[in-house]
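Step one of this worksheet: look at the structure below.
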Amino acid sequence: MFNSRSGATAEAPRFYSVEQVAQLFGVSSMTLYRAIAGREFPAIRIRGRLIVPAKAVDEMVDTAIERNSTVDAAEFAVEGAA
């Protein structure tokens with residue numbers, strides 16, 4: 001990703017906030033927080049803050065495209081996470 005202001009190349013994010021992912025997927029933040037709490041969506045907890053690995057989001061999208069079908073985010077949630 002190229003930043004036209006500084007002329008530098010920006011790296012793709014490794015993590016997203018819950019709010020960013022909710023916006024990407026067109027759902028409310030509360031919906032995503034509930035999915036994370038229910039172990040239906042992958043996230044990492046650092047003290048009280050939750051972050052979502054960009055890799056998990058990318059894998060969900062890639063899998064949906066590859067299957068040409070819907071995917072369940074719970075398939076990507078790791079047992080014991082969040």
Side-chain angles (χ1 to χ4, degrees):
M1 183 175 277
F2 185 75
N3 184 336
S4 61
R5 280 188 159 174
S6 67
T9 302
E11 291 184 34
R14 295 199 58 202
F15 300 96
Y16 294 114
S17 69
V18 171
E19 291 77 14
Q20 288 172 312
V21 175
Q23 186 175 10
L24 282 171
F25 287 162
V27 299
S28 73
S29 296
M30 188 52 63
T31 296
L32 193 52
Y33 278 115
R34 287 182 184 129
I36 292 168
R39 300 179 191 260
E40 300 168 349
F41 199 93
I44 297 170
R45 181 181 305 279
I46 300 175
R47 292 192 166 214
R49 181 152 189 247
L50 292 168
I51 56 174
V52 178
K55 184 176 180 177
V57 173
D58 294 342
E59 286 178 8
M60 285 181 220
V61 172
D62 291 346
T63 301
I65 291 169
E66 186 178 290
R67 293 180 187 174
N68 195 31
S69 181
T70 59
V71 296
D72 188 339
E75 293 177 41
F76 300 86
V78 177
E79 188 63 34

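Just so it is clear, the values below take in all heavy atoms, side chains as well, and ignore hydrogens, waters and symmetry mates. Residue numbers count from 1 along this sequence. Just so it is clear, the model here is predicted, and its values are computed rather than measured.
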State whether the number of non-hydrogen atoms from other residues, nucleotides or ligands found under 6.0 Å of Q23 atom CD is greater than 12.
no
Between [atom1] of [X] and [atom2] of [Y], what distance do you get to the nearest 0.5 Å?
X: K55; Y: D62; atom1: NZ; atom2: CG; result: 11.5 Å
X: N68; Y: T63; atom1: CG; atom2: OG1; result: 12.5 Å
X: E40; Y: E75; atom1: CD; atom2: CD; result: 12.5 Å

Of all heavy-atom pairs between [X] and [Y], which one has the smallest distance, and what is that distance?
X: A56; Y: P42; result: CB-CG, 3.7 Å
X: S17; Y: R49; result: CB-NH2, 3.9 Å
X: A22; Y: L32; result: N-CD2, 3.7 Å
X: P53; Y: I44; result: CG-CD1, 3.9 Å

F15-I46 co-clustered via ILVMFWY side chain contacts under 4.5 Å
yes
Are V61 and V21 connected in a single hydrophobic cluster, I mean Ile/Leu/Val/Met/Phe/Trp/Tyr linked by side-chain heavy atoms less than 4.5 Å apart?
no
Heavy-atom check, side chain of F41 versus side chain of M60, under 4.5 Å:
yes
Within the structure provided, determine whether F25 and T31 are in side-chain contact (heavy-atom separation under 4.5 Å).
no
